[in-house]
Q: 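Below is one structure. I have some questions about it.
Proteins get letters first, then strands, A, B, ... in listed order; numbering begins at 1 in each.
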Amino acid sequence: MQRVSVSKISDYTDQEVTINGWLYNIRSSGKLMFPEIRDGSGIIQGVVVKSAVSERVWEDFSKLTQESSIKVKGTVSKHPKKEGVFELQINDVEIIQIAEPYPITPKEHGVEFLMDRRHLWLRSPRQVSILRVRNEIIQTIRDYMYDNGFILFDTPIFTPNACEGTSTLFSTEYFDMGKAYLSQSGQLYAEAGAMALGKVYTLGPTFRAENSMTRRHLTEFWMMEPEMAFYDIDDDMDLIEDFLENVVQRVLKNCRKELELLGRNVSKLENVKKPFPRITYDEAIEILIKKDIPLIRKTSNGEEQIRPFPWGEDFGAPHEEAIVEDFDKPVMVHRWPAEAKSFYMKRDPSNPKIALGVDVLAPEGFGEIIGGSQREDNFAELEKRIIEHQLPLEEFQWFLDLRRYGSVPHSGFGLGIERMVNWICNLENIREAIPFARRPNRITP
RNA sequence: UCGACAGUAGCUCAAUGGUGGAGCAUUCGGCUGUUAACCGAAGGGUUACAGGUUCAAGUCCUGUCUGUCGAGCCA
């Protein structure tokens, strides 16, 4: 007896097989039953004919509830009405467990209800599809990096200081050494890796204690950060472009079914091919001015609209949207006002007010998916920046060492895995892009 | 943290300030090709919580809690 997975069922036409799985749904029609069985790889409709099975089998199926675990035996046949669809003519069943009444019915539910039962919600076809796409994205990243000579370089999660000195971090007691913080980025350590191995990447969880309650934020999320020695900002953008094209095209190739189930308009993804638009911050501002999008600044008695958009300010959601809407590919915005960016970014040699950073904005309004830059490689400049940003100089001595001993131009970027999933799957909220989302108001299940 | 909106049966939602309903789920019955199957019946309620206005509050007012969306922060 062959034990087969539903995804491989078409290879077994007219053969008797066993499928191990769960009852997804069942319809009965007097002397006929149509149980739908899912096994993680797919869902298949079974057919139980009362006159063709033993009384015991018929009664067993009458008892089954949604999500009961079973082993079913039957013959694979073509669906009489649907082309290319297979079903299982069932002749035997072994009940592993009859499930208690299952809370998630095949009807509509609200988000809170589903998130409270996330451990069960994961079984639904939509969630299974998203997680398969997530798997494909991560596998593609690993393959791409490996094939292009990058070395996986795991960075620590406990860190003694605020890496970039900006966002709020989670803290915990670290023995008698005071406070430790959960890493918000592996970048600084990856820079050490790049000086040792040339091209490295880190892929792991990162943590932000910001109280961000939006459709694009998690408190715990996965980030992929490559770091390359002897790469300038333009090399960095070349890599981003090639990398993103590679990931999107492979997901399209290997996850068609999943994307279709999710209702994803795949033609928009098919379009994601090199070259991507590259615009400078200055050019982006021109777009904002042309479209008359003001800077909105909060004041004591409300908001104030400033136009034309002043040079030096960072972009908010409406600005990103306006910049992206004319393009059908990810847009790379580069060469930012230094004041709006992190301390470690290298200044443009031709204009010290400019930092050699790049943000990649996904199309269709999904927002920033990548932030990258060329790093400051000059010892004196970097030390000055650390002091200016009032960061603890002692904690950064090792980081400065990278500029003391054989400093070279180097660059890298950070890609938010969940934001990538969010975009490729066309999700409404990022909480569906990770098995167990952590947000400011949720830590369970 | 700020702003907008919401909270009614297990779930998704109705209900002019005047006797709280429906579909699904559950239980029982029917149906030999069903597709969120269908048909019939039954059970199921402290209307988030605390106050207030009113002859009368699910409905109006105040506060609290919870959630969703948006802003800021960012990947």
Side-chain angles (χ1 to χ4, degrees), chain A residues 24-36 43-52 58 62 65-66 77 79-82 85 87 89 100-117 124-126 164 166-169 184-187 203-225 295-300 302-303 313-321 340-342 359-362 366-372 413-423 428-431 433-434 439-442:
Chain A
Y24 176 64
N25 196 8
I26 188 163
R27 290 176 287 275
S28 70
S29 180
K31 285 158 188 152
L32 267 179
M33 281 194 259
F34 299 96
E36 286 186 281
I43 295 178
I44 188 168
Q45 171 167 283
V47 184
V48 185
V49 181
K50 191 171 187 182
S51 58
W58 183 259
S62 313
T65 54
Q66 190 186 353
S77 65
H79 195 290
K81 292 179 189 168
K82 290 181 179 173
V85 175
E87 48 183 26
Q89 304 295 327
E100 292 179 27
Y102 193 65
I104 303 177
T105 64
K107 287 276 181 179
E108 284 174 19
H109 300 282
V111 205
E112 191 189 0
F113 178 83
L114 291 168
M115 281 306 285
D116 282 341
R117 292 155 186 81
S124 69
R126 176 182 164 85
E164 302 179 17
T166 48
S167 32
T168 321
L169 305 190
Q184 61 163 330
S185 162
Q187 180 205 315
L203 175 48
T206 44
F207 308 86
R208 306 268 165 100
E210 305 283 355
N211 191 4
S212 301
M213 296 287 287
T214 79
R215 67 169 68 176
R216 322 199 243 287
H217 288 87
L218 295 167
T219 54
E220 175 185 309
F221 64 97
W222 285 65
M223 189 151 65
M224 193 284 284
E225 295 169 285
L295 172 72
I296 293 166
R297 201 178 263 154
K298 285 213 168 138
T299 59
S300 47
E303 313 179 321
E313 293 291 333
D314 208 347
F315 299 149
H319 313 108
E320 286 185 0
E321 216 165 286
K341 290 291 173 184
S342 301
D359 281 2
V360 181
L361 307 174
F366 281 93
E368 186 179 345
I369 50 171
I370 283 178
F413 64 87
L415 166 87
I417 299 291
E418 289 76 17
R419 288 203 176 165
M420 192 77 182
V421 176
N422 211 20
W423 166 44
E428 270 181 26
N429 192 298
I430 201 163
R431 71 185 133 219
I434 185 168
R439 306 178 72 221
N441 64 343
R442 179 172 296 280

Q: Please give the distance between the P atoms of A6(B) and C60(B) as a whole number of Å.
A: 9 Å
Q: Which word best sums up how the rings of Phe315(A) and His319(A) line up, parallel for under 30°, tilted for 30 to 60°, or perpendicular for over 60°?
A: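 Because their plane-to-plane angle lies in the 30° to 60° range, the rings of Phe315(A) and His319(A) count as tilted.
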Q: In dot-bracket form, 5' to 3', how is RNA chain B paired? Count Watson-Crick and G-U wobble pairs only if both distances fall under 3.5 Å, and write | where the partner sits on another strand.
A: (((((((..((((....[..)))).(((((.......))))).....(((((..]....))))))))))))....
Q: Hey, does the side chain of Arg442(A) come within less than 4.0 Å of G67(B)'s phosphate (OP1/OP2), counting only N and O?
A: no
Q: Give me the distance, rounded to whole Å, that separates C74(B) from A37(B) when you measure between the P atoms they each carry.
A: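 It comes out at 47 Å once rounded to the nearest Å.
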Q: Between Asn211(A) and G72(B), does any side-chain N or O lie under 4.0 Å from OP1 or OP2?
A: no
Q: Between His109(A) and Pro103(A), what is the shortest heavy-atom contact and its length?
A: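 Scanning both residues, the minimum pair turns out to be CE1-O, 3.8 Å.
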Q: Rounded to whole Å, how long is the line connecting atom NZ of Lys50(A) with atom C1' of C31(B)?
A: 12 Å
Q: Does OP1 or OP2 of G72(B) have a side-chain N or O of Arg216(A) closer than 4.0 Å?
A: no
Q: Touch check for Asn429(A), heavy atoms < 4.0 angstrom, all strands: base, sugar-phosphate only, or nothing?
A: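 Counting heavy atoms under 4.0 Å across all strands, the contact made by Asn429(A) is with sugar-phosphate only.
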Q: Considering every strand and a 4.0 Å limit on heavy-atom distances, what is the contact class for Ile369(A): base, sugar-phosphate, or nothing?
A: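 Sugar-phosphate: the residue Ile369(A), judged by heavy atoms under 4.0 Å, touches backbone atoms but no base.
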Q: What integer number of Å spans the C1' atoms of G58(B) and G45(B)?
A: 12 Å
Q: Taking atom types as they are modelled, is there a donor-acceptor pair under 3.5 Å from the base of G23(B) to the side chain of Glu108(A)?
A: no
Q: Just to confirm, is there a sub-4.0 Å distance from OP1 or OP2 of U34(B) to any side-chain nitrogen or oxygen of Arg27(A)?
A: no
Q: Please state the C1' separation for the pair G44(B) and C55(B) - nearest whole angstrom.
A: 32 Å
Q: Regarding Ser28(A), tell me which of base, sugar-phosphate or nothing describes its non-hydrogen contacts under 4.0 Å with the strands shown.
A: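 Base contact - Ser28(A) has a heavy atom under 4.0 Å of at least one base atom.
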Q: Does U34(B) have OP1 or OP2 sitting under 4.0 Å from an N or O in the side chain of Asn25(A)?
A: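 For U34(B), OP1/OP2 do not have a side-chain N/O of Asn25(A) under 4.0 Å.
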Q: With a 3.5 Å cut-off and just heavy-atom distances, do the side chain of His109(A) and the base of C11(B) make a donor-acceptor pair?
A: no
Q: Decide yes or no, distance alone: a donor-acceptor N/O pair under 3.5 angstrom between the base of U34(B) and the side-chain of Gln45(A).
A: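 Side chain to base: pair found, below 3.5 Å.
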Q: With distance as the sole criterion, do the side chain of Thr105(A) and the base of C11(B) form a donor-acceptor contact below 3.5 Å?
A: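 Counting by modelled atom types and ignoring angles, no donor-acceptor contact under 3.5 Å is found here.
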Q: Any donor-acceptor pair, under 3.5 Å, between the side chain of Arg419(A) and the base of C74(B), if you only look at N and O atoms?
A: yes
